[in-house]
2 protein chains.
Amino acid sequence: MKMSELSERSGVSVASIKFYQREELLPEPERSSPNQARYAANHVDRLRLIRALVDVGGLSVAAVRRVLAAAEADIPLDWAMGVAQHAIPGSVELPDQGSRGVTEIDSVSASMGWMVSPDNPGRAMAARVLDSYLQLDHEELLSVLPEYCSAAEIVARVDLGTVALQPNRARMSETVVVGTVLGDSLFAGLRRMAQEDAAHRQFSRAES
Amino acid sequence: MKMSELSERSGVSVASIKFYQREELLPEPERSSPNQARYAANHVDRLRLIRALVDVGGLSVAAVRRVLAAAEADIPLDWAMGVAQHAIPGSVELPDQGSRGVTEIDSVSASMGWMVSPDNPGRAMAARVLDSYLQLDHEELLSVLPEYCSAAEIVARVDLGTVALQPNRARMSETVVVGTVLGDSLFAGLRRMAQEDAAHRQFSRAES
DNA sequence: AAACTATCGATAGTGTTACTGTCTATATTT
DNA sequence: AAATATAGACAGTAACACTATCGATAGTTT
């Protein structure tokens, strides 16, 4: 298929496709002449994946490039997961070593029996959130950490179970990457729904 | 205190504070003369809250303005929660009414016994994620929805419990808003940690 | 009181990100 | 042959979150 058809089928404008090509987010197309290209079904799929990562997962184009590279490379799955985790916005460096947030996170993680490497991006993210909470004088969050952790464990277990179901390695990598990125949004959505339900039960007409 | 001290104590540059003032994110300071202002502790707190919402929660300045307005107004708490939910990036409109994602989400939410209004932003977000998954041919996600829901329910319940602990209404609103926004990041971080742990157990050296 | 530093408010400028538009030289289609 | 489409290069744009500069005070130091 040629450019205009690729654009139609994927729902991405020709100009944007060219942009993604410049950014090396698409595989090289087949050439029918040095000056003309033919695209295939995998280009459509790739474009859809890019849009999902960008629109739903909120990734930047640079992050998408890193994530796609990880999904393609024949890399250990836990490494692919690490790359996907690192690509997600908000994954920055750990707060000061001795920060209260780090201490609390490590302590609760230990009490869950988790084996987590010190450079896990989630550890930095969670510690950062805790530090913010503490700085805002919302200490109450600490007491609910264990329950958050149990919930996270449930989710993580089914995440990994889903990966194991995949028929081949390429598919597993894709599942890891897509699941890591889109799973956050899915859970966030479900949490809002559950919050509304819990709010109804707890204080909708009673005290507000 | 005056500008330079406010800047020091909050860790926000003078230029940025002026920017936030223009954007009406800060309360009006006291005036010692028509041309000179005095800031108080609540300005420091407010700046810290803004930075947490922006840096940790990933909100835009416009979203912060909406959220702060909701936290300040003497508004039913479930409404404040709705505003906070709507302010979070990724909260857009519902996919086409008949989309598979919407159907699946409504069905699982019904089976959980949740009462969720049709314009809950989480419903739209979750439906959107599901549609993406389906378009990418990752149907396996549907089978894990119930477990995601149980986890979301755990989190939502402790979220609401935390709110109920607050001593007064203003504090409750703040808790709702901060918890809604920062809670997503906290959970995402914990999920990554739990994922690493689960990955170790499942395929670290065995099959990768 | 003069000199110096800080602040206020307004406005303009900067850097980044993610496109979008335009152009020329070829190809392809009719 | 004429009309349309494509490739590739590069310039332009819109939104966003600041950042810098400026003239007119205000406060502080000497």
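Residue numbers begin at 1 in each chain, while the letters A, B, ... track the order of the sequences. Values in this document were obtained by computation on a predicted structure and should not be read as measured data.
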Between OG of A/S7 and CD1 of A/I17, what distance do you get to the nearest 0.5 Å?
->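 Here the rounded value is 4.5 Å.
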Answer with base, sugar-phosphate or nothing: what part of the nucleic acid does [X] contact at a heavy-atom distance below 4.0 Å?
X     : value
B/R65 : nothing
A/R38 : nothing
A/K2  : sugar-phosphate

Nearest heavy-atom pair of A/N120 and B/E196: which atoms, and what distance?
->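 Nearest pair, atom of A/N120 first, then B/E196: ND2-OE1, 2.7 Å.
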What pair of heavy atoms forms the shortest contact from B/V116 to A/M193, and how long is it?
->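 Taking every non-hydrogen atom into account, CG2-O, 3.7 Å.
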Does any donor-acceptor pair link the side chain of B/R22 with the base of D/dT19 at a separation under 3.5 Å?
->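 Answer yes: a donor N or O sits under 3.5 Å from an acceptor.
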Starting at the 5' end of DNA chain C, which residue's closest nucleotide do you reach first, A/K18 or B/Y39?
->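 Closest to the 5' end, via its nearest nucleotide, is B/Y39.
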Could you say whether A/F19 or A/Q36 is positioned toward the 5' end of DNA chain C, judged by the nucleotide with the nearest heavy atom to each?
->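 So the residue in question is A/F19.
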Write down the distance between [atom1] ([X]) and [atom2] ([N]), rounded to a whole number of angstrom.
X     : N      : atom1 : atom2 : result
A/I50 : C/dC19 : CD1   : C1'   : 14 Å
A/N35 : D/dA9  : CG    : P     : 11 Å
B/I17 : C/dA6  : CD1   : C1'   : 14 Å

